[in-house]
Every structure is written in structure tokens, then in C-alpha cells.
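Since the structure comes first, as C-alpha cells, the remarks are kept for the end.
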There are 2 protein chains.
Amino acid sequence: MQKTSARLLALLSLLQARRDWPGALLAERLRVSPRTVRRDVERLRELGYPIATFKGPDGGYRLDAGTQLPPLLFDDDQAVALAVALQLATTSGVGVEEAAVRALHTVRQVMPVRLRHRVDGLQVTAVERPGTPQVSGDVLMALGAAVHAREVLRFTYTSQETRRVEPYHLVARGGRWYLVAWDLDRDDWRVFRADRISPRTPTGPRFSPRQLPGGDVAAFVTGRFRGSDGTVGWPCRGEVILDLPAAVVSRHTHDGVVEELGPDRCRLVLGSWSWTALAAAFGRFDADIEVVGPADLRDAFALLAHRYATAARTAPTPEQGGGRTG
Amino acid sequence: MQKTSARLLALLSLLQARRDWPGALLAERLRVSPRTVRRDVERLRELGYPIATFKGPDGGYRLDAGTQLPPLLFDDDQAVALAVALQLATTSGVGVEEAAVRALHTVRQVMPVRLRHRVDGLQVTAVERPGTPQVSGDVLMALGAAVHAREVLRFTYTSQETRRVEPYHLVARGGRWYLVAWDLDRDDWRVFRADRISPRTPTGPRFSPRQLPGGDVAAFVTGRFRGSDGTVGWPCRGEVILDLPAAVVSRHTHDGVVEELGPDRCRLVLGSWSWTALAAAFGRFDADIEVVGPADLRDAFALLAHRYATAARTAPTPEQGGGRTG
DNA sequence: GAGGAAGCGGACAGGGTTTGACCGCTTCTC
DNA sequence: GAGAAGCGGTCAAACCCTGTCCGCTTCCTC
């Protein structure tokens, strides 16, 4: 058994996948002692692979990009990932369903039988969730290409205004696609919905990249959705104070901003498409509510109070079923 | 220097560089006996490399995959699908993130340059949406395998009850994973959340497949979510009548059951995790509410009416921002 | 500037692996 | 049917690989 060679190949594959690998983690993954990992790294270096190492915390090993690698093979995990990913792509919101099916089929063919079985055993039915807009693969390609080439992008947004932006990142989140870009006309960072973008050709000149505030795209986008601006995008938004720990509240809210005010007290900002809906949304937390504002929200609370009181007065129909767990 | 591993990698390179290699030549190049070459080839095969051999004169060894004429003939669409799917898999809710990255690298390697560029041009940042439970790849594999093998599956659900089911389909929907199965204990079709399943080994005997009502899994699952049984699974569920067209209501609800009662009147059944939350959920529709039942729901409406009235009486703080569109 | 986290690499013993040699068999082509 | 090429079993001896132990260095943080 050539455990060593296999491990060396696996090590290469791992080093490819991730920017920095601490030695201890690699040791765990490869099921050997850290000492052996060091030896393996040394071996690969002797074989000509440029593996850099960074000391100190956050250090680890890194395979320099642009390396000519031996043909690596799929391992079990990759097979599963392929099967899952490609079958899931059916609901990615990108028009690649059929291509994904074909790609899976193609890849399957170059797999060893064992992995092929693994893939075959994992048949997934992907069910589209209603309300997710579709992005065409071509648009996505165009956006991706502009990002990659660092070329100024011109596009029509929401089929009206034309924008000029420096595109930085293509982001997928919860079935939707976004383009993170610097808006040249407004001089600010913006997150555009990819499904509303119609790129115009040709793309503009190259730009020199700017620093994204915070540096981390994921954090930036998440921030746009739930950070201090997490509730923009809704026509109505308002703020209340709840007699609940912040932790409890944030467990039940996905799109608002929760701020701790005390052990059993927190501030909550939510957004919704109407004042009534917004007021109702605050009701889901079983706690007393103190409205901070705006006045529209207060009015909505008053309205709902009246409506709920009326509802509570309607005659009971006892035969209706109660709760039930499935 | 570990000769063996180095030689194995060298052998891979050689096989990659040239179409056919007679064993004797390889032996000479690698400075080992022909016997060792045969062993090396065997080793590579054990590692999964598809090395074909041709006997007779002009015979020799050939690496099937990874050569520049790979059987991996992706077209542009497949390349895009792979790139999208695998980068997206990061947020699939399955623990395959790193494996997906590696898989993408692996296929990338055996692609023609043009497609490789295409893949490289489409870099996606996948942002996880909070609140989506993770399913382990192993569990998914186990479920998939049982479905594939048509074997009765035993598992612990929500870490308490043990179930015996005939598994039929693995379904992904909106970032969550479900198992559609026939529950042997309750004698009925059920949809289980994969993240709550802990499969138990071994799986039971084979079963002969049943006909899924309706025949279409996608339709079946969608039906479970918004159809006649869409509200099971919640600890509390209740029913109201709204003064709104059914169409308007169903546009704003994804998990309840809407039934038309007239042009401007409909019945709505919803589920939630508490009576208060349930009552609040009904409030999001801007219309008068008539409670059908159960009594708990009515009480919750009364409670909320009082709470909302109190909230509406708190002193306004005018400087709070109003609505805004992004 | 002290402490700690992380990587480096020497030494060593025990145990598993690898190699070349030899050999008889099979398969394919001419 | 002969010859070329690959297949694979067996064996003993050489080889190497691994985990453990340990003292050093580097770099970050407090």
C-alpha cells in the first residue's frame, strides 16, 4: 500500500482548495502526526512544488498559484460535492439546468466505478422556490468576465437608468445574485441585483482596483442586508424596543438589526412592505413592545390593536383543530 | 528522498506527456526494473488513475484521463454550469464547501485552456444566509444510498423518536434538504427535514416501491409546503378568514393554505411556533380578520390587541426615520 | 518584553513496504 | 506458431516511513 503517495496527492489537492492550511489541521485531515505533515511538505518541495509557509498565528502552508500540478483525481468528498452541486444548480436561479445535468454526466464518466456509484446513489430532486428571479447564464458570464478583466461595466438597471460601474464581485446569496461594484456616477459602493442588470457592450476601459470597505466581500454584502443598513430596501421600516434578551430576538429574526440594551431588553429595527405588515412582524416576539418610531408605525400598531381586538371577539368555533407536531 | 512517491509522480507526468509508453521504456526512464514499473502502474490504478494497457507490439501504457485529449469534452455551457454550481455549493447547506472547491480545481485541470479561462472568469462569492441548518455530507450520502438501494431506513428524528421509513426522494428546496419517505409506523407519506435526521445503521431490508401520490416529487413536496398539509410541523396552527382576494393572500404567504371563499374573502391556515407568533403572522395582511379557531389563537389575538394598544400609546420620538426605498 | 502559538528539523527504534530476481502464463500481432 | 509484451506470484533483503521526543526559531499579542 502506498499510503504515502496517496497522502501526497491528497495534500496537493487540499493545498489547492484553500489559501492557508495550518499544519495541525492538515495533520488531522490526513490522519497523521504533524511531524509527518512537515515531512510531506518537505517531500513535495523536493519534488518541485512551491509550498510557502507562514509562521505565527494565522500561518500555515500555501501552494503558490500557477503551479503545474499532476493530474489529480476526485476523492469521495469531491464526488459528493459534484453530485450535490450540479443537481442543486437546477435551482441556482441561473439558466444552467440542462448544462449542469450534462456536466455531471460528463464528469461521471471519468470517475472510477466506486465514485460513480457514489454519485449515482445521491439523486437529488431540486425544487424551485417561488419568487426567485432568474439570471441568465450569459449575463452572469458577462458580469464575471468584467470583474475578472477589471473593466468598467455599463449596464441598464431595472430597464431604465444606465449605470457605469467598476465591478468587483459576483455574489450569490440565498438564491439571488448580486454584483458588488463601485458606482462611478454616484461615487459610492453599491450592490446590484444581477437579475435586473442588462449589460451593454462593449465594456469600458480598465480600472485600477479600489479597496472594498472592510476588505471582506461576504461581510460587506451581509452588512448591506442586515447591518446598520439591513433594513433598507423595504418601503417601510421602523424601530421598537422589546423586553427580551437580544439573543432570543436574533434567533427569530433574519433580516433585521438587533441591538442589546440590557440583559432583558433590546432594540430591533425591521423592514417590511407595509406599515401594517411591519407592526405585525414585531408581534411575533412574545414580549412587550415599545415603539420608537416612526409615527406611521405607531399608527399601524393602533390599527392592528383595533383589528386584533375585533378578531378576538368573533365567536369561537370549538371544533377547529389545535396544535400538532409532525 | 522517497523514491517511490517521486517515481509515481514522475510516472504520472510521463504518462501525461505522451500517448503510449512501452513498459521497458518506462523502466529505463525511471531507472527501475520492468517489474517495478508494472507495480507502479498497479499502484496508480489503485489510486484511481485509469491507465489502459495495450498488449502486443506497439503496446504500452496510456493514461486515459488528464491527457490533453481527455474524454472530458465540456462545452461552454457545461463549464459555466460547473463553475456556478461548485462555487455555489459553498452555501448548499451541505458540508462540502472545501470539497467543492477542490472538485472545481480538479476538473479545471483537465479542461482545454479556453474553457479554463471561462471558468476562471466566473468567480463567485457565495454568502451564507443565516438560519439555514447544515446537513452533513455523510448523512446526505446515507440517505441517498438508502433511496438508491431501496432499503428501509431507520433513523432518529429531532434526537428523540426513532422512525422506520421507506425512503424515496432526497429533495432540496430553498437551501433546506428533505427526505420524502413512507413512514412505516404511521402508514403515511412524510417529508422529513434532513438536518434533523440521524441515520442508524444498518439499513433494513429492501422494499418494493410504492406509488407516490401524484407521481411527481416536486409537486408533492411543494404541495406539502403550501398545499393542504402545509402547516403540519408547526406546534401551533390556526385558521382565519380574511377580507382579501385569495390571490393577494397567497402572494404573501409561502407556507400556509389559502382557500378562496369569494371575490374578496378567503380562508387562511398558517402554522407557527407560538400562538402569539401565529396571531402576529395573520396581521401582515392588511385586512380585517375573523378568527375561525382554535381558541388559543383567539386568546393570542386578544393578548396582541392589548400589547399593540399599549405600544401605540408610547410617546412618539419624531426624529426616527421613515420609509425609504433602495 | 514576556508568553504563546506555530513551524523546523534532528534523532531513534520498530515495523511495514519496496525492490529485484526468477518464473510460468496470457494475449496480441505478424 | 513464434515472438514481443504485459501479468502477477513468491521471497529475502534492503529500505523507508512513522510517531515520539525535544530543543529552536519566528512572529503575533498582550
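It should be emphasised that the depicted structure is a prediction, and the values quoted were computed from it without experimental measurement. Every chain is numbered from 1, with letters handed out A, B, ... down the list of sequences.
- For the OP1/OP2 pair of C:dT18 and a distance below 4.0 Å, the side-chain nitrogens and oxygens of B:Thr4 include no atom meeting the criterion.
- Between A:Leu11 atom CG and D:dC17 atom P there is a gap of 15 Å when expressed in whole angstrom units.
- Rounded to an integer number of Å, the gap from A:Glu28 CD to D:dG19 P is 14 Å.
- Atom CZ in B:Arg31 sits about 16 Å away from atom P in C:dT19, given to the nearest Å.
- Taking atom NZ of A:Lys3 as the reference point, atom C1' of C:dG16 lies 8 Å away to the nearest angstrom.
- When distances run from any side-chain atom of A:Pro22 to the nucleotides D:dG19, C:dG7, D:dC17, the shortest one goes to C:dG7.
- Across D:dG6, C:dG9, D:dC17, the shortest atom-to-atom separation from the side chain of A:Arg38 is found for C:dG9.
- To the nearest angstrom, P of D:dG19 lies 9 Å from CG of A:Asp40.
- When the C1' atom of D:dC16 is taken as reference, atom CD of A:Glu46 falls 13 Å away, rounded to whole Å.
- An OP1 or OP2 oxygen of C:dA6 is reached within less than 4.0 angstrom by no side-chain nitrogen or oxygen of A:Thr53.
- Cation-pi contact between A:Arg173 and A:Tyr178: absent, since separation from the ring centre below 6.0 Å together with deviation from the ring axis within 45° is not met.
- Around the CZ atom of A:Arg150, the shell of radius 6.0 Å holds no more than 12 heavy atoms that belong to other residues, nucleotides or ligands.
- Shown here is A:Arg31, whose CZ atom has no more than 12 heavy atoms of other residues, nucleotides or ligands within 6.0 Å.
- Salt bridge A:Asp188/A:Arg186: absent, no basic N to carboxylate O contact under 4.0 Å.
- Nearest-nucleotide assignment on DNA chain C puts the 5′-proximal partner with A:Val41, out of B:Ser33 and A:Val41.
- Both B:Arg35 and A:Trp21 sit near DNA chain C, but only A:Trp21 has its closest nucleotide nearer the 5' end.
- Of the candidates C:dG10, D:dG9, D:dC17, the closest approach to any side-chain atom of A:Arg7 belongs to D:dC17.
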